[in-house]
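Proteins get letters first, then strands, A, B, ... in listed order; numbering begins at 1 in each. Since this is a predicted model, take the numbers as computed values, not measurements.
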Amino acid sequence: MTPILEVHNLAHSYGSIVAVDSISFTVDRGSVFAFVGPNGAGKSTSISIVTTILSKQTGTVAYSIIDHDPKLVGEDDAAIRSRIGVVFQDSLLDRALSVRSNLLTRARLYGLDDIDEVVKRLELTDIVHRKYGTLSGGQRRRVDIARALLTSPEILFLDEPTTGLDPQSRNLVWETIDTLRQDCGLTVFLTTHYMEEAEQADMVVVIDHGRIIASGTPDDLRARYSHDTLKIRTAPGLEEELTEVGLGFTRVRDVIHLEVANSGEALEILKSLEGFITDFEVVHGTMDDVFLRLTGTNLRED
Amino acid sequence: MISLVKRNISLYLTDKAGVILSLLGAFVAVFLVMGFLRTALVSSLVDGFGGLVTQQEAGHLLDTWLIASASVIASATTGLGALAFYIRDRESSMWRDFLITPLRRWSITAGYLIAAAIISVFMTFIVYALGTAYCLVTQAPLSWSGVVEGWGWLMLCCLSFTCLMGFVVSLLKTFNAYTALSIIVGVMFGFLAETYVTTAMLRASLADVLAGLPFAQASALVRQPYTSAVIASLPVEAQQATIEAMGISLSVGTTPVTTTWSVITLVGVALMCAVGSWLMMARSVQR
């Protein structure tokens, strides 16, 4: 795959506080790239620099957009701005204005006049005359995405797009993003708190204290930083048997938990314990486990 | 940038209660004087001129003078009112959504100032037009050329004071600070523009200081043409004394403040504050 965005040795400090400490990564065209990290890890600063909002201090940020001609942040900002779309974590449209006038105002800032296409594509026709402030969280998010798509961007930045949404709206937002990816081959750059969202990404980069501490596909990361768990319902004599064969375990209420490398190993253990098994399951490692392992903490919430 | 100006203006107009309150704020001095002080002020004017002017003449003088003065105050307070969106956007960093567009940084700040100036012109026009309608109903002598000239100066006031307010607002960070400023500006302007207290009631040294500032000069610029027909209808002996006592023409010491001087002051304020607010706003937009 060809890269659409390449970041090299990006660093940024606020006075003596280092927010981003020499990070490098590449985003492939058409992929979903997830930037994951606790609050204060440097995600927002990085995304602000990459989207040209914050002036770059050191490092290079290069886009391969518009005929694949490289464009550098800090030098070709105007060209970059006309080819990227950004959905901010906190909605930045005017609540007192209608969806239509919000979209028109923003479109005109790009010298565009046509909002019908994004309105149709995001199925906003029914709410286009309603005030943005009166919409539900999920509807607002769809309008935010429509605003970001005004320029028909090649890459869409989504900063915590589903934070604060109910599960139904969250799914709806994801369905929208998926459809857009399939229909337009859009590249998606996502920052998120929700590990199940990172799970859907092609590439995940975990950042903490301004540094990249791990990167890879979700499968890679799970293989490296998590393990599968074999859960077996306790039966008389099971714990003694496990101790005898020297298998380490923990007990959570009436369920025995055993760490296993993969399902194959689980199967072998199950065979050797055949007489003791009434019920079992093998649970794969999750991105939550990866995160816990890497940062030594749960996601730091606001 | 035009689109940004439109956005700022439509946001202002959507808040209908805000628009009405802003107009009421501009009229409050007029209502108070007309409602509670008119009789006393008219009597004191008549007494002050030793019976040279009639009750009716004094009433007309007071009305036209007050409308001109209130319009000048409105040019400043409505401009400030329109800048509320700058502060709101600043508090919520709303302009990140503009920063990702190809729009140049300076045009974002210019968008706020231009929108505020247009709103100020629009709102001041309403105050001035309603005031003039009142004067017509009470049959106060008005010269149309004077009314038009007064409006011309008012537009300069709108521009100048919006830039001044833009500069002051660009130094603020929170909406609370802005609200406090709005209250102070309304009251301060009434005094500095010699409306709540007339020149004759001030100590000579203080009157000299105020005459050197743009606020009283702006008032004088509008009062001169607007009250010209009323003044001309007064007995000749009373004319000069009225003009001096009511801040219709100003002097610093013995040097009269000419129209040219006032215009230079107002244009100077507009230019300096426009550059100042542009620099300050551009700095905060970057963050």
[atom1]/[X] to [atom2]/[Y] distance, rounded to the nearest 0.5 angstrom?
X        : Y       : atom1 : atom2 : value
A/Lys131 : B/Thr14 : NZ    : OG1   : 6.5 Å
A/Leu92  : B/Trp95 : CG    : CH2   : 12.0 Å
A/Asp94  : B/Arg7  : CG    : CZ    : 4.0 Å

Task: Positions in residues 107-122 of chain A that reach chain B, provided some heavy atom is under 4.5 Å away - done: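 Expected list: A/Arg108, A/Leu109, A/Tyr110.
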Task: Full working for side-chain contact (heavy atoms from CB on, under 4.5 Å) between A/Arg106 and B/Asp97 - done: CA-CA 8 Å; A/Arg106 302 309 196 265; B/Asp97 202 34; 2.7 Å; yes
Kindly check if the number of other-residue, nucleotide or ligand heavy atoms within 6.0 Å of [atom1] ([X]) is above 12?
X        : atom1 : answer
B/Tyr134 : OH    : yes
A/Arg100 : CZ    : no
B/Phe27  : CZ    : yes

Open item on the list: Which residue is it: A/Asp77, A/Ile53, A/Val86? I am looking for the one with a side-chain contact (heavy atoms from CB on, under 4.5 Å) to B/Leu99.
Closed with: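 With B/Leu99 as partner, side-chain contact (heavy atoms from CB on, under 4.5 Å) holds for just one option, A/Ile53.
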Taking every non-hydrogen atom, the tightest pair across [X] and [Y]:
X        : Y        : value
B/Arg96  : A/Phe88  : O-CZ, 3.6 Å
A/Ser82  : B/Pro102 : CB-CG, 4.3 Å
A/Arg147 : B/Thr101 : NH2-CG2, 3.6 Å

TODO: Begin with the C-alpha distance, continue with both residues' side-chain angles, and end with the deciding distance and a verdict on side-chain contact (heavy atoms from CB on, under 4.5 Å) for A/Leu97 and B/Ser10.
DONE: CA-CA 8 Å; A/Leu97 301 183; B/Ser10 42; 4.3 Å; yes
- [ ] Would you mind telling me which of A/Thr51, A/Thr151, A/Asp90 has the largest number of heavy-atom pairs within less than 4.5 Å of chain B?
- [x]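 Counting heavy-atom pairs under 4.5 Å, the top option is A/Asp90.
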- [ ] Pick whichever of A/Ala96, A/Ser91, A/Ser101, A/Ser48 has the most heavy-atom pairs under 4.5 Å with chain B.
- [x]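 Greatest number of close heavy-atom pairs with chain B: A/Ala96.
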Open item on the list: Please classify the contact between A/Leu93 and chain B as side chain, backbone, both or neither, with a heavy-atom cut-off of under 4.5 Å.
Closed with: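 For A/Leu93, backbone and side chain are both near chain B.
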